[in-house]
Each structure stands twice: as structure tokens, then as C-alpha cells.
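Just below is one structure, and these are the notes that go with it.
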Amino acid sequence: MYCWDPGCNGSTRAALAFATLGYQVKEMIGGYEYWAREGYPTENDHGPIVRARDALTAPLSEISCEC
């Protein structure tokens with residue numbers, strides 16, 4: 001579930017409604033905009049959309065732990 005505006009609670013209400021029906025739900029903080037900016041897959045009517053990761057919302061280099 002996602003909403004565009006930080007003040008929007010429509011996704012929270014929708015998530016609660018689906019959870020009440022037994023569905024497993026997740027709420028995306030930042031909504032679709034941040035999903036796309038962080039480089040996660042998106043598509044439209046014509047197929048997948050390839051986007052570069054935005055340095056303002058997601059690290060451009062991978063973080064690794066060599067523990």
C-alpha cells in the first residue's frame with residue numbers, strides 16, 4: 001500500500017482493511033516515488049521501466065560487512 005503525500009493516511013486505512021480480510025500487507029514509506037528512485041523494478045503499459053538509482057534517496061554503492 002502506498003500514498004503519495006506524507007500526510008496521506010489512505011494507504012494505512014487500506015492496509016488495515018486488507019489485513020482484516022487476512023491478507024499480508026506492507027506499507028511503503030515514501031510511496032511509489034521512493035520505490036522508483038531507489039531503483040526497484042517498475043513497469044507501465046509498455047513493459048519494464050529502467051531507472052538509475054537516485055543518490056538523494058539510496059546509496060549508489062553497496063554496503064557490505066566483512067565480519
Side-chain angles (χ1 to χ4, degrees):
M1 302 289 151
Y2 69 89
C3 276
W4 168 249
D5 187 281
C8 175
N9 67 355
S11 64
T12 304
R13 293 192 325 242
L16 176 60
F18 276 102
T20 302
L21 294 172
Y23 290 94
Q24 202 172 38
V25 297
K26 292 183 180 182
E27 189 172 2
M28 295 180 356
I29 304 302
Y32 172 80
E33 178 70 21
Y34 279 76
W35 176 270
R37 286 177 145 199
E38 290 179 13
Y40 291 106
T42 59
E43 61 181 64
N44 62 17
D45 294 345
H46 304 288
I49 300 171
V50 178
R51 299 177 188 223
R53 291 166 73 181
D54 186 336
L56 296 175
T57 62
L60 296 179
S61 61
E62 297 298 320
I63 299 171
S64 64
C65 176
E66 299 193 22
C67 303

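Just the heavy atoms: all of them, side chains too, but no hydrogens, waters or symmetry mates, feed the values below.
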Minimal heavy-atom distance between G39 and R53, with the atoms involved, is CA-CG, 3.7 Å
Looking only at heavy atoms, the pair that brings T42 and A36 closest together is CG2-CB, 4.2 Å
- request: Indicate if Y40 and I49 have the same hydrophobic cluster label, given that clusters are the connected sets of ILVMFWY residues with side-chain heavy-atom separations under 4.5 angstrom.
  value: no
Taking W35 for the side chain and P41 for the main chain, is one N or O donor matched with an acceptor at less than 3.5 Å? yes
Taking C-beta and beyond as the side chain, do E38 and D54 meet within less than 4.5 Å on heavy atoms? no
